[in-house]
Amino acid sequence: MGIDAFNQDTAKKGRDRINAELSNIMHCSIPDSRLASSSAKDSVIYTNMFGARVWYKSCNVTDLSTKYTPTYILTGDEQELDFYNLVISTIAVLEEQDRSFHSVSQLRNGFCKEYKKVNDLQEDLKVLADRFNQAFERASDKGIILGSYWKETYFSYFCDIDYVGLEQYMEMAEHYASVILQKSKDIKPYSKQLKRN
């Protein structure tokens, strides 16, 4: 790449320097493994005094955002990390409670309205919806979600590792899931509404 920077790679042999340092510190051999999930592209993060860039292999190099992105460790935005974790915890609980629930719009609308109510926010629902969309896309990038926020349906696919760190969010996620599922039951299909009229 020709970039004079420290780099971290998700591919095997992409962290030789890190593995060597850890091996030296721990006085044992550190096995090399691929850090990206099987469905994800490998990436390299380059960091120097001018900032950070990510290169998704077989794609272009992009500057890392100074806002919340999948590279949380560089941004340190704990509020957005909590928001993301609550979104995916809610999706996990929904998956467990009702395997037939796949509506992106009902998920987003129910989650954002309840989040605003629970946190007593004056924030516009559109702003919350944008935050939700970012969290949803991040989950999609990680392979937890199959689908996109602009589509009508989604499917979730959680591996054991995806649950790590979510324990503290599960009780609240159960609340959000029950509210979302109740609202989805209250919405009658359009064809049934026509028959009643």
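Just so you know, these numbers use all the heavy atoms, side chains as well, and skip hydrogens, waters and symmetry mates.
- Between Gly147 and Glu137, the shortest heavy-atom distance links the atoms O-OE2, 4.4 Å.
- With sequence neighbours excluded, the residues satisfying side-chain hydrogen bond (donor to acceptor under 3.5 Å, both in side chains) with Ser103 are Ser105, Glu152.
- Leu107 pairs in a side-chain contact (heavy atoms from CB on, under 4.5 Å) with only one of the listed residues (Phe101, Tyr176, Tyr149), which is Phe101.
- Note that CZ of Arg138 is 11.0 Å distant from CD of Gln134, once rounded to the nearest 0.5 Å.
- The two atoms that bring Met26 and Ile30 nearest to each other are SD-CD1, 4.0 Å, heavy atoms only.
- Between the side chain of His102 and the backbone N or O of Tyr154, at least one donor-acceptor pair lies under 3.5 Å.
- Considering all non-hydrogen atoms of both residues, Ala173 and Leu86 come closest at N-CD1, 4.0 Å.
- The two residues Gln97 and Ser178 have their closest heavy-atom pair at OE1-N, 4.4 Å.
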From CA spacing to verdict: ring pair (Phe, Tyr, Trp, His ring centres under 6.0 Å), Phe83, Phe132: CA-CA 8 Å; Phe83 186 86; Phe132 175 91; 7.3 Å; no

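- Of all heavy-atom pairs spanning Leu128 and Glu123, the tightest one is CD2-OE1, 3.8 Å.
- At most 12 heavy atoms of other shown residues, nucleotides or ligands fall within 6.0 angstrom of atom OH in Tyr157.
- Each of Leu146, Ile91, Ile88 was compared with Ser156 under the side-chain contact (heavy atoms from CB on, under 4.5 Å) criterion, and only Ile91 meets it.
- Scanning both residues, Ala135 and Val87, for their nearest heavy atoms gives CB-CG2, 4.1 Å.
- Not counting sequence neighbours, Lys151 has no partner by the salt bridge (Lys or Arg N to Asp or Glu O under 4.0 Å) test.
- No donor-acceptor pair under 3.5 Å is formed between the side chain of Ser89 and the backbone N or O of Tyr169.
- Side chains of Ile180 and Thr90 form a contact here, defined as non-hydrogen atoms less than 4.5 Å apart.
- Proximity of a side-chain donor or acceptor of Asn119 to a complementary backbone N or O of Lys116 within less than 3.5 Å is not detected.
- The shortest side-chain heavy-atom distance between Lys142 and Asp162 does not fall under the 4.5 Å cut-off.
- Taking the ring centre of Phe136 as origin, the terminal cationic atom of Arg108 falls outside the region bounded by 6.0 Å and 45° from the ring axis.
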